2 protein chains.
Amino acid sequence: MAKLQKSIDKKNALVKATIELVNNHGFHATPMSKIAKMANVSPATIYLYFENKQDLVNKTYIEVKTKFTQYAFNTYKESMPVKEGFEIIWKRIAHFKLIECEHAMFLAQCDNTPMIDEPSRQEGIKHLQPLLDLWQRGKDEGIIKPISDYILYAYAINPLSYLMMMQKNGNFLLTETHIEEAYIAAWNSIKI
Amino acid sequence: MAKLQKSIDKKNALVKATIELVNNHGFHATPMSKIAKMANVSPATIYLYFENKQDLVNKTYIEVKTKFTQYAFNTYKESMPVKEGFEIIWKRIAHFKLIECEHAMFLAQCDNTPMIDEPSRQEGIKHLQPLLDLWQRGKDEGIIKPISDYILYAYAINPLSYLMMMQKNGNFLLTETHIEEAYIAAWNSIKI
DNA sequence: AAAAAAAGAATGAACATTCATTTTTATCGT
DNA sequence: ACGATAAAAATGAATGTTCATTCTTTTTTT
């Protein structure tokens, strides 16, 4: 195994362990020692890859957020009609939250607590730009309500996070039918 | 000042300090010593009122959640028509999140992290029963979509939490107009 | 054999909780 | 109504643990 590959493997193992432990216990309740143990690495080794605990979690956040948005916008083209584009993006997001539940949970926790520092948070927000552009186009074309992007996001996208939480807590099972129902509710709340 | 009153004052000061500090730094990053300092009390005194840190935050959660739901359902009567009842409850909830932002933020953080233990979390959920009953009535009358309560909640209520977060982060200012827009989006996504 | 990477042990700070005293409040006999 | 005293409440300091980070040594790679 090449040296570079080995380094990448270790870094990935650390990121993976961070996600799992932070998901289950929260940032401050996951010691570096446990992250190291789960990644089969010495605590000291973490500091070869990351500056400190905060840096580890910031970088993990950015990495996961990047994966998330890459997945979300993968099949979307700017040339698509607004309605079709929205449906595609929305369903990709839903799908990501379904199959990459751990990653999505981690993002939700980062976005809802003071765990991530402000620069990384801002960096994370940028990734959503294509969706905001799509909405702007929809507003210009008179298809989407001319209201604040924050409200559009609150009604069209954020509910998925809540459903994922409930799913994780075992309160209910998210099926394809639910996803379809949720999509319809999402579109109804933003379309004119 | 009567003895009992004094005790209640101290307990309230502790709860208030807990909310403020946990909001700004998270559960594990708020030491008991800081909570004590902010409440003008010795660290040891906390243990006269609460068993330990976990108990302090559990009890704080239940107290805030109780206040929240009392406020939310205050003017609602079961005799109201479904649509009117929902509008009243929804707007009370929105109003609470607007004027009692600190309390609402605290609840959001509790609901999105592993900070609260499971029994307290379950206890908190129970408080929402009147809203679930109203929705059931709406479904029976053919006014509200026959879909899972979780999805109804995700679309009708949860978006308010997101908007409150954005407001808190200074990203945008939540006005009466926004609230009205959001209410319409909420109703559109749950009505038949 | 030199350089780089990794490891385990060591360090020192921060923290939750408890302990030994002090201060406040309540009770009682006068 | 008053002071003495017992009980309760509150305190600051002490304790023992946990943890992030660093240091020194060992292992691996070049």
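Values in this document were obtained by computation on a predicted structure and should not be read as measured data.
The side chain of B:Lys10 places an N or O atom within less than 4.0 Å of a non-bridging phosphate oxygen (OP1 or OP2) of D:dA10. For C:dA7, one of the phosphate oxygens OP1 or OP2 lies less than 4.0 angstrom from a side-chain nitrogen or oxygen of A:Thr45.
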For this session: Treat primed atoms plus P, OP1 and OP2 as sugar-phosphate and everything else as base, then score nucleotides 18-23 of chain C 5' to 3': B for base contact with protein heavy atoms under 4.0 Å, S for sugar-phosphate contact only, - for none.
Result: BB----
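As rounded to whole Å, 10 Å separates atom C1' of D:dA20 from atom CZ of A:Phe27. Rounded to an integer number of Å, the gap from CG of A:Asp9 to P of C:dA6 is 11 Å. Protein atom CG of B:Leu56 is 14 Å distant from nucleotide atom C1' of C:dT17, rounded to whole Å.
Nearest to the side-chain atoms of A:Pro31 among the listed nucleotides D:dA20, C:dA7, D:dA10 stands D:dA20.
The salt bridge (charged side-chain N to carboxylate O under 4.0 Å, His left out) pairs that include a residue from residues 107-117 of chain A are A:Lys65-A:Asp111, where partners are two or more places apart or lie in different chains. Pairs of residues two or more places apart, or lying in two chains, that qualify as salt bridge (charged side-chain N to carboxylate O under 4.0 Å, His left out) and include a residue from residues 170-190 of chain A are A:Lys91-A:Glu180.
Where A:Ala29 and B:Leu48 each meet DNA chain D at their nearest nucleotide, the meeting point lying more 5' is that of B:Leu48.
Residues meeting the ring pair (Phe, Tyr, Trp, His ring centres under 6.0 Å) test with B:Tyr76, sequence neighbours left out: none. In this view, A:Phe27 satisfies the ring pair (Phe, Tyr, Trp, His ring centres under 6.0 Å) rule with no residue, not counting sequence neighbours. Under the ring pair (Phe, Tyr, Trp, His ring centres under 6.0 Å) criterion, A:Phe68 pairs with A:Phe96, sequence neighbours left out.
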